Protein chains: 4
Amino acid sequence: MIRVGIVGCSGYTAIEAIKLLLRHPQVEIVAATSRQADVTSLADMHPQLTGRIELPVENLSPAEIADRCDVAVCCLPHAASAPIVAEILNSGCRAIDLSADYRLSTPSLYEQWYGPHPDPGRLGQTPYGLPELFADAIRSSRLVAVPGCYPTSAILPLAPLVKEGVIDPEHVLIDSKTGVSGAGRSPKLASLYSEANESLAAYGVGTHRHQPEIVDIVQRYTGVAPGVVFTPHLAPMDRGILSTIYVRPKAGATANQIRECLATRYAAEPFVRVVAHLPATKHVAHTNFCDLTVRENGDWIVLISVLDNLIKGASGAAVQCLNVMFDQDQTLGLGA
Amino acid sequence: MIRVGIVGCSGYTAIEAIKLLLRHPQVEIVAATSRQADVTSLADMHPQLTGRIELPVENLSPAEIADRCDVAVCCLPHAASAPIVAEILNSGCRAIDLSADYRLSTPSLYEQWYGPHPDPGRLGQTPYGLPELFADAIRSSRLVAVPGCYPTSAILPLAPLVKEGVIDPEHVLIDSKTGVSGAGRSPKLASLYSEANESLAAYGVGTHRHQPEIVDIVQRYTGVAPGVVFTPHLAPMDRGILSTIYVRPKAGATANQIRECLATRYAAEPFVRVVAHLPATKHVAHTNFCDLTVRENGDWIVLISVLDNLIKGASGAAVQCLNVMFDQDQTLGLGA
Amino acid sequence: MIRVGIVGCSGYTAIEAIKLLLRHPQVEIVAATSRQADVTSLADMHPQLTGRIELPVENLSPAEIADRCDVAVCCLPHAASAPIVAEILNSGCRAIDLSADYRLSTPSLYEQWYGPHPDPGRLGQTPYGLPELFADAIRSSRLVAVPGCYPTSAILPLAPLVKEGVIDPEHVLIDSKTGVSGAGRSPKLASLYSEANESLAAYGVGTHRHQPEIVDIVQRYTGVAPGVVFTPHLAPMDRGILSTIYVRPKAGATANQIRECLATRYAAEPFVRVVAHLPATKHVAHTNFCDLTVRENGDWIVLISVLDNLIKGASGAAVQCLNVMFDQDQTLGLGA
Amino acid sequence: MIRVGIVGCSGYTAIEAIKLLLRHPQVEIVAATSRQADVTSLADMHPQLTGRIELPVENLSPAEIADRCDVAVCCLPHAASAPIVAEILNSGCRAIDLSADYRLSTPSLYEQWYGPHPDPGRLGQTPYGLPELFADAIRSSRLVAVPGCYPTSAILPLAPLVKEGVIDPEHVLIDSKTGVSGAGRSPKLASLYSEANESLAAYGVGTHRHQPEIVDIVQRYTGVAPGVVFTPHLAPMDRGILSTIYVRPKAGATANQIRECLATRYAAEPFVRVVAHLPATKHVAHTNFCDLTVRENGDWIVLISVLDNLIKGASGAAVQCLNVMFDQDQTLGLGA
């Protein structure tokens, strides 16, 4: 059995990770940590887990976590995560980090968008948690950086198409819409029900950290840095991301050819479904699937990508990476 | 023109009050107060008000408010409101208080549920802001206490039926469901979109402050204290309250007779609609209406009451009371 | 492997049944039937199933179904189901019926609420699909009637308490709230998004078929017919039922004692969780759990019951019954 | 008083039109027509209107409508509307048509997207119901075509910017998201609550009729036909449209300059608010406002436009046009 610790177990990604791992035949969750003082157990903290897992919530040190676990799934905020992850790794345990701290290629890029990096050596050496693109690197690594939710939805369709040269990377317009769980579980005005319900709004226009992440990773995969314009929007639903991506075809590629290119590229990947119909976020909710389709309109190609921001956009990807790291079938614990 | 000040202008009831008063032909909003430091104007604080009203948000003292206004509509939290309201009244200005501070009949009852009262003399002398039942007292008062949202939905059907002796007051089971705006605008975990959406839960079972308020006011109106069992529930919508009230009929009264009793009692009231169909909260959303109907099931009478918690349950009632206090048509500013 | 056929595969209960059975290690779905002409496969009919199951949708006769399957999970409408189920049984196959056709005890009761019964002989001989109460009968039967969603939420707490004599069965007031998927998938005005969203309403007051079902089954289990007053409400969410049940305690039983009674009764049942906190429907969404708690308010006991109307209220119960019928662990395919 | 008839009073646009006109001091609603046989009055058909208007629902002929009214607000489906509108006009009454039948410039364009036009003579002679752009033509016309909801949200920002030459009209990518009421009130699978809730999906990609409408009207206003790529999406809310529009600036225009251009153009228009913040659909819900802002991201300009699809996107625009046609203040009946 793979002994897993959930580091920072109070948020949505932690809850989803726990629920997925409870179904994983090779995993035993052996630790759940939090600095919250007033909770005793996971069921106490998350009533939905009553009777499904008996585990205290403890304020463990990285060394204690490393001692008890084979791998730590870290659900801590950006900047707070890296110091903990670094210690966990130094103590000999593997780590799957859901924060942004190890995703980017260089410390200077991280510094531009997040601030000085606490563990710059590992940055740039850490595989990006998309097995569809980086399985070999993930397999041989002790640390994996789980992608941002929006970036997964954009990189999965874009990276192969840029690599194949069937789309023009110079203008890539990504219009993304997310459910509110993507904003996390800390009480903030904008995340209140009566603020977000029955409303749709753009945010972070031109300033969102996921834009440089998308560019960085596509460049890592293809050698080409796309000219990305990324606009996130908050939509009145719990979960789901739909990204509508506008690109110009190259070399007279048609929508059908571009869809074929994706279908071929992902034919062997269990969690990417290239479909002919227009996918809804509800089709993939509570699953690790990312559904992709391709349309054309005038001179433009319209790529549509849907996924569940908490699953394929976070905790499902974490479990998928865990499976790769531990040489398991990628679908273990992730359903059919 | 009636000069109105909005005291505490950051929450949902304040926003609704402002929007209603903007349509009121006899009202001018002359002050909006808040202790929030980082906002300059109402439109700055509430972007939806852009271009609809030009008014700075100021941290005014009660005396300053009283000096500028004919009446202050106070949207402050319980316990915090009474001291401010008292000073405003002492400075010669009228006040309409949306908090619970002046609703109950005795300081000891208030103390039981809220704590020591800052202005006990006025408690018990203050009319309860339901013009359907207390119009004369409201008309001649300088201070009115706007009811709690749930109490309005329950008292409107119950009070006349208890008074007429057509229902047994001993067992009154009130099962209420509210939209999330009733929880207010301060960032709290339970009010987060991803907590409240796609979920329904009871809360405050046996402990909710609106239960003694309902008993107290029905007794004030009828002389009889009903045996109320009140269960509130949080429902995944912005606004609306539906109360399903189970009572035993007295003297062989039928559902039709009981509905007739309500229809007669409220025939002249512009905002209570006694209907034959089963009303939905959406029928009254964004209006000051309370819709009532009556059904029977076995030995029990089932009363159903719907209203908009922010309008008839709060700010619409405030405007309705303002109209009574200033001898205007009750419907001014409250649409048709 | 247990070969399962889904009879009538276009609705929500069918989709949920398929998703649950896909995770069931002992089940193979071998048939999916529909009279819809324009679909070829399950994935064609339900895009979310793309790549998860390859199965044509066929218009099979009951005999063809029986020939291919060990058990048919029937998701047909009331009255339409019984003739098909009867033929399937006559052809030697087992059946799990999600309609109301075999739930009630007598043909005359069925006739009162649904119309003449097409297969009266089997009515009254068919176990009610609540393994928590009727496991033995289910185990030895070739036909099981899956309960109505609301009845499950009410019967699970009521039946043991009536049997134990700790509550007064004469007045049982059940105030239930359901998500809209309970209304089914046929296009009806009341089920439209813009009708149901942001709204709450009661329906079927005094006339809902689930009221006699609750009475009938509690009587079947306890010998006592409770005086039930049942009020359903439509709530703006996809799934979930919360039932707030008002009863009088007997013999001075306290809320704690009543909760203990339930906790003891259900200690060995994997899917009933008797909890101390107030449960939300979200705690049990997408699971087969029913969470129960007990409170008191004045002279009344307040029971609260939550479940997912599509899972424990329908398709999860169907799978749970399948497990019992085929001597499997009840939790197979139903997660943790 | 202006006597108004509502032709086709069962749908959402009709309900909104009625509610707006009830607040209009110069309007009296004198007729409401429907072919629905089983309703007697407006309140009978729409319970929310109980006590707000006493008016029978009648199956009137166009001549009867024309006889009773000064203007008919027609809420009929496309293709069904034009014959009725034509007769109403021929009988001497004015008409405001909410269908698409009179929006486009040429019968051949209409035929391409809708089918043969029943009244081609008037097509091309009919002003488009955007007073911000076409007030003079509206003022002197007896027939006005209310725009499509999506087109209003796109044309208001685009038309002046194309006219001023500050954006490149060759590539205009419009990513729009709408609430479900835009789909209308007829029972369809895709409009069911359990289909649309908790989900987001694109539809009509490359095939939506509003794309040619946007091109046609911008060309009508500016002389230039923009290269529009329009992608609509269905979002899980009742009402609201947010359009995110990606364009290239011309002549080095910055986002600030472009916003200034819009602010200047619309300074005198009561219902277009050019704002600095990122507007949410909730800011304009239940109002006739369209809020616009401008951002830049890389080489691209991002225009954001929000409105209420039922108000500024339909019935509010209808009332606004009525005011222009009858020489009233544009804001009458449309609040502040």
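Residue numbering restarts at 1 for every chain, and letters A, B, ... go by the order of the sequence lines. Reckoned from all heavy atoms, side chains included, excluding hydrogens, waters and symmetry mates. Every value quoted in this text rests on a predicted model; they were computed, and no experiment measured them.
When all heavy atoms of C/Ile174 and C/Ala154 are compared, the pair lying nearest together is CD1-CB, 3.8 Å. The shortest heavy-atom contact between B/Pro157 and B/Leu262 is O-CD2, 3.6 Å. C/Ala196 and C/Leu234 make their closest contact through CB-CD2, 4.4 Å (heavy atoms, listed as atom of the first residue, atom of the second, distance).
Put simply, CD1 on B/Ile15 and CG on B/Leu49 are 7.0 Å apart, with the number rounded to the nearest 0.5 Å. B/Leu307 CG to B/Phe271 CZ: the interatomic distance, rounded to the nearest 0.5 Å, is 13.0 Å. Here the CG atom belonging to B/Leu303 is positioned 12.0 Å from the CG atom belonging to B/Leu156, to the nearest 0.5 angstrom.
No other option in C/Ile241, C/Val302, C/Val306, C/Val229 has as many heavy-atom pairs under 4.5 Å with chain B as C/Val229. Between chain B and the options C/Ala202, C/Gly298, C/Ala285, heavy-atom pairs under 4.5 Å are most frequent for C/Ala202.
Applying the salt bridge (Lys or Arg N to Asp or Glu O under 4.0 Å) test to pairs two or more places apart or on separate chains, none has a residue in residues 224-233 of chain B. Screening residues 147-156 of chain C for salt bridge (Lys or Arg N to Asp or Glu O under 4.0 Å), with sequence neighbours left out, gives no hits.
For C/Ala235, the part lying near chain B is the side chain, with the backbone staying farther off; criterion is any non-hydrogen pair under 4.5 Å. Contact annotation for C/Leu173: only side-chain heavy atoms (C-beta onward) come within less than 4.5 Å of a heavy atom of chain B. Both the backbone and the side chain of C/Pro236 come within contact range of chain B, with heavy atoms under 4.5 Å apart.
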Considering only heavy-atom distances, could you tabulate the donor-acceptor pairs under 3.5 Å between chain B and chain C?
unit_1, atom_1, unit_2, atom_2, d
B/His171, ND1, C/Trp300, NE1, 3.0
B/His171, NE2, C/Arg248, NH1, 3.3
B/Asp175, OD1, C/Lys177, NZ, 3.1
B/Asp175, OD2, C/Lys177, NZ, 3.2
B/Asp175, OD2, C/Tyr246, OH, 2.8
B/Lys177, NZ, C/Asp175, OD1, 3.1
B/Lys177, NZ, C/Asp175, OD2, 3.2
B/Lys177, NZ, C/His233, NE2, 3.4
B/Ser194, O, C/Lys282, NZ, 2.8
B/Asn197, O, C/Lys282, NZ, 2.8
B/Glu198, OE1, C/Asp238, N, 3.3
B/Glu198, OE2, C/Asp238, N, 2.5
B/Ser199, OG, C/Lys282, N, 3.2
B/Leu200, N, C/Thr281, OG1, 2.9
B/Leu200, O, C/Thr281, N, 3.0
B/Gln211, OE1, C/Asn297, ND2, 2.9
B/Gln211, NE2, C/Asn297, OD1, 3.1
B/Thr231, OG1, C/Tyr246, OH, 2.8
B/His233, NE2, C/Lys177, NZ, 3.4
B/His233, NE2, C/Thr244, OG1, 2.7
B/Asp238, N, C/Glu198, OE1, 3.3
B/Asp238, N, C/Glu198, OE2, 2.5
B/Thr244, OG1, C/His233, NE2, 2.7
B/Tyr246, OH, C/Asp175, OD2, 2.8
B/Tyr246, OH, C/Thr231, OG1, 2.8
B/Arg248, NH1, C/His171, NE2, 3.3
B/Thr281, N, C/Leu200, O, 3.0
B/Thr281, OG1, C/Leu200, N, 2.9
B/Lys282, N, C/Ser199, OG, 3.2
B/Lys282, NZ, C/Ser194, O, 2.8
B/Lys282, NZ, C/Asn197, O, 2.8
B/Asn297, OD1, C/Gln211, NE2, 3.1
B/Asn297, ND2, C/Gln211, OE1, 2.9
B/Trp300, NE1, C/His171, ND1, 3.1

